[in-house]
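Only one structure is covered here, and it is reproduced in the block below.
Proteins get letters first, then strands, A, B, ... in listed order; numbering begins at 1 in each.
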Number of protein chains: 2
Amino acid sequence: MILSEQTHLKNSESEMRFYQGDCLDVLEQLPDSSIDLIMTSPPYADSRKNTYGGILPERYVEWFLPRAAQFLRVLKPTGTFILNIKEKVVEGERHTYVLELILALRKQGWLWTEEFIWHKKNAYPGKWPNRFRDSWERCLQFNKQRQFVMYQDAVKIPMGDWSKRRLKYLSDVDRHRDTSKAQSGFSKKVTNWLGRAQAYPTNVLHLATECTNKQHSAAFPAALPEWFIQLFTQVGDWVLDPFMGSGTTCHVAKKLERNSIGVDLHQVHVKLARGEL
Amino acid sequence: MILSEQTHLKNSESEMRFYQGDCLDVLEQLPDSSIDLIMTSPPYADSRKNTYGGILPERYVEWFLPRAAQFLRVLKPTGTFILNIKEKVVEGERHTYVLELILALRKQGWLWTEEFIWHKKNAYPGKWPNRFRDSWERCLQFNKQRQFVMYQDAVKIPMGDWSKRRLKYLSDVDRHRDTSKAQSGFSKKVTNWLGRAQAYPTNVLHLATECTNKQHSAAFPAALPEWFIQLFTQVGDWVLDPFMGSGTTCHVAKKLERNSIGVDLHQVHVKLARGEL
DNA sequence: AGCTCTTATGAATCATTGA
DNA sequence: GTCAATGATTCATAAGAGC
C-alpha cells in the first residue's frame, strides 16, 4: 500500500521519491545505512485535540522515539540528522519536551553533536505582557559517530565589514585604471578578492522566514535545508525528510543535484510536493 | 566571618554590597523574598582538575541545586532569575548538564519561562574539522510564578536604518554622557528623541563580548546585565549576582540606580569589584 | 572630524605530545 | 592507557595611530 504511492521523478541529475504514510512504517522498507542526511521539521507538539496530526506535548517523546529508531537505522554511519524544532509555550512556561527528547535520543544511541540557532530576522509580529516575540528556533544536530562528513567550504560566507571596506577601497583605487579597460580584468580581480574574503560561518544562522507560499505555510525557508544539504552532502548523495510537508527539503535537494526521499502522512502534502496541486 | 567582609558603598541613589564566600552560605543571611532580580553567569563546568573553582560536568547539577534553593528563597514572588550559561563540548558532543539543570530547577519549583539567545557577534576564532565556531549562549529565564514584573518599554530599541544613523550621530555628540554602546543603556533623552521609531526587541540579543578588561575576563559584557536589569527592575530595586566575578552586574546596577548584592568565592574578585585593585 | 589601517584579544576546540 | 598540558587554527570588534 505504501510503495504503490511511490513516485519517481527522475532526470539525469537526481531523483525525488515521495511516499504517503507514517514514516514509522514507510522507512521500514528502506535499507540500512543508505541515507546521507536526514533534514526535517517534525510536527510540533500541539495541545489542541482535533488538530490535524498534532501530538500532545506530554507524549511527544514517546511518539518520536520509534521513528527516530528508524532514522538511526537508515542513516549512514558518517551521516547527519538535523532536527528543526521548537518547544511550545504551555501555561506561561516553555515546555520541556525538546530537552527530554534530546536526552532520550542520546539514550537511543545518537550523539548530540551541535545545536545551531536559526535566527529568524523577520519574526512574527505580536505583543504580550510578559514575553517578547520568539525569533529563533533550534536546529539540533545528531550523529551516529564522532567521525561524520562535513563539507565546510560549501557554506563559506562573505566576510563582514572588513571585506566590504576592502572592496570599496579596491573599487575606488582601481576605478580610473579599469574604466577604459575591459570589464573582465577588474571583475576577475574583485572575484579573487571576494574569494579570499570568505569566512566560515558560525553556529548561528540568520535567515528570514519565507512569505512566498501563501497557500501552505512552509515549515522553514528553503535557505535552511539548502544550508544543511550543502554542508553535509555532496552531489548524488541521498537526503531524507520523513515529515516533508510541502516538500521544500526534497525540491532544494533536487536543485542541488542530490537524490531525496520525502514522506508525509497526508495525501494532500504528497500531491503538493509532486506538483499536482 | 562572612558579614565582616561586607562592604557598604552607599550614595544617594543606590548601594552595593559585596560578600566573600560561597553563595550557598552567604545567602542564608538574606531575608526571604527580598530580591527583585537575580542575574548571574555561574562558573561553567570544567573538566580540568586544578582549575580555580571548576566543577565537573557530571556533578554540575548537584552542585548547583542547593544554591538555586537559596535563590528561590530570597527572590520576591514577582521577581526573575536570569541564568547565563552554556554547555561544554565533551568528546565531540554537547554535554547535557544544562538541559538536566533546567529539568532539575523545574522540579525544585522554578518555572522555565523563557530562553533568550545571546548572539555573540565576535565569537572566538578557531577552525575544526567537524564544528563551527560557537557564537551564542543561553540566557535562561526562571520565575517563581506566572505573574512576574516586566518593564518592556525600558528596553525598546531603535528601528531601521534611519534611526541607526540618528543614533550614531547622537552618541557621537553625547559621547561623554551616554554610553556609546548601542541598544541598551540609553538615557531618557535618547528615548525622547527616538520615541516614535522604537520597537520592542525579540528574545535574541546581539551583543559583542567585551575586549576591554585585560586583567580579568568578564563573564559577560556590561550590556547583557544592563538589558535584563532594565527589563526586570525599577530604580531602587534589589539585584543579586551570587557569582559576581569582577562585579559587572553590580556596577551596572549602580549606574542604573538599583541596589545590588554581589557574592564571590574568591577574595581577589571581591577586591576587584570594590575597586581596590 | 572623518576616513583607513593595524593590532590586540575574547568563558574555544581538537590533535598531539609528554608524564 | 589515561590524564593533563601545548600548539594550531582564525574572525568580529574596539581602540588607537596616521593621513
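- The CD atom of B:E87 sits 17 Å away from the P atom of C:dA11 (whole-angstrom rounding).
- A straight line from CZ of B:F243 to P of C:dA11 spans 18 Å, rounded to a whole angstrom.
- Shown here are the side-chain contact (heavy atoms from CB on, under 4.5 Å) partners of B:Q70, two or more places apart in sequence or in another chain: B:L27, B:E28, B:R73.
- The ring pair (Phe, Tyr, Trp, His ring centres under 6.0 Å) analysis of residues 239-265 of chain B, with sequence neighbours excluded, yields the pairs B:W63-B:F243.
- Rounded to an integer number of Å, the gap from B:E93 CD to C:dT13 P is 14 Å.
- Atom CD of A:Q152 and atom P of C:dC14 are 11 Å apart (whole Å).
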Dot-bracket assigned to DNA chain D with the 3.5 Å Watson-Crick/G-U criterion, [ ] for crossing and | for other-strand pairs, is .||||||||.|||||||||
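- Qualifying ring pair (Phe, Tyr, Trp, His ring centres under 6.0 Å) partners for B:F232, counting only residues two or more places apart in sequence or in other chains: none.
- Nucleotides C:dA11 and D:dA8 are separated by 23 Å at their P atoms, to the nearest Å.
- Between B:F132 and A:F116, the angle of the ring planes goes over 60°, which puts this pair in the perpendicular group of the 30/60° scheme.
- B:S41 comes within 4.0 angstrom of a nucleotide base, judged by non-hydrogen atoms across all strands.
- Residues passing the side-chain contact (heavy atoms from CB on, under 4.5 Å) test with B:P125: none are found, sequence neighbours excluded.
- Distance NE2 (A:H206) to P (D:dA12): 11 Å, rounded to an integer number of Å.
- Side-chain atoms of B:K254 do not come within 3.5 Å of backbone N or O of B:N259 as any donor-acceptor pair.
- Pairs engaging residues 106-117 of chain A under the salt bridge (Lys or Arg N to Asp or Glu O under 4.0 Å) rule: A:R106-B:E93, A:E114-B:R94, A:E114-B:R131, A:E115-A:R138, A:E115-B:R138 [sequence neighbours left out].
- The separation between B:N130 atom CG and C:dT13 atom C1' is 10 Å, rounded to whole Å.
- The distance from atom NZ of B:K120 to atom C1' of D:dA14 is 17 Å, rounded to the nearest whole Å.
- Along DNA chain C, the nucleotide nearest A:Q147 and the nucleotide nearest B:N84 are compared for position; the residue whose nucleotide lies closer to the 5' end is B:N84.
- Considering only side-chain N and O atoms, B:R131 lies nowhere under 4.0 angstrom from the phosphate OP1 or OP2 of C:dA12.
- Set against D:dT13, C:dT13, C:dC14, the side chain of B:K121 has D:dT13 as its closest nucleotide.
- Every residue two or more places apart in sequence or in another chain that forms a side-chain contact (heavy atoms from CB on, under 4.5 Å) with A:I85 is listed here: A:P42, A:Y44, A:Y60, A:L83, A:V98, A:L101, A:L140.
- Here the separation of C:dT16 from D:dT10, taken at their P atoms, is 16 Å to the nearest Å.
- Nearest nucleotide to the side chain of B:Y44, out of C:dA11, C:dC14, C:dA12: C:dA11.
- Within 4.0 Å (heavy atoms only), A:P201 reaches no atom of the nucleic acid at all.
- Scanning for side-chain contact (heavy atoms from CB on, under 4.5 Å) contacts around A:S135 gives A:H119, A:A123, B:T202, B:N203, B:V204, with sequence neighbours left out.
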Counting primed atoms plus P, OP1 and OP2 as sugar-phosphate and everything else as base, spell out the protein contacts along nucleotides 6-11 of chain D at 4.0 Å heavy-atom distance: B, S or - for each nucleotide, 5' to 3'.
---BBB
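- Nucleotides of DNA chain C nearest to B:E91 and B:W118 differ in position, and the one nearer the 5' end is that of B:W118.
- A:T80 and A:N143 form a side-chain donor-acceptor contact under 3.5 Å, judged by distance and modelled atom types alone.
- Remark: P of C:dT13 and CZ of A:R146 are 12 Å apart, rounded to the nearest angstrom.
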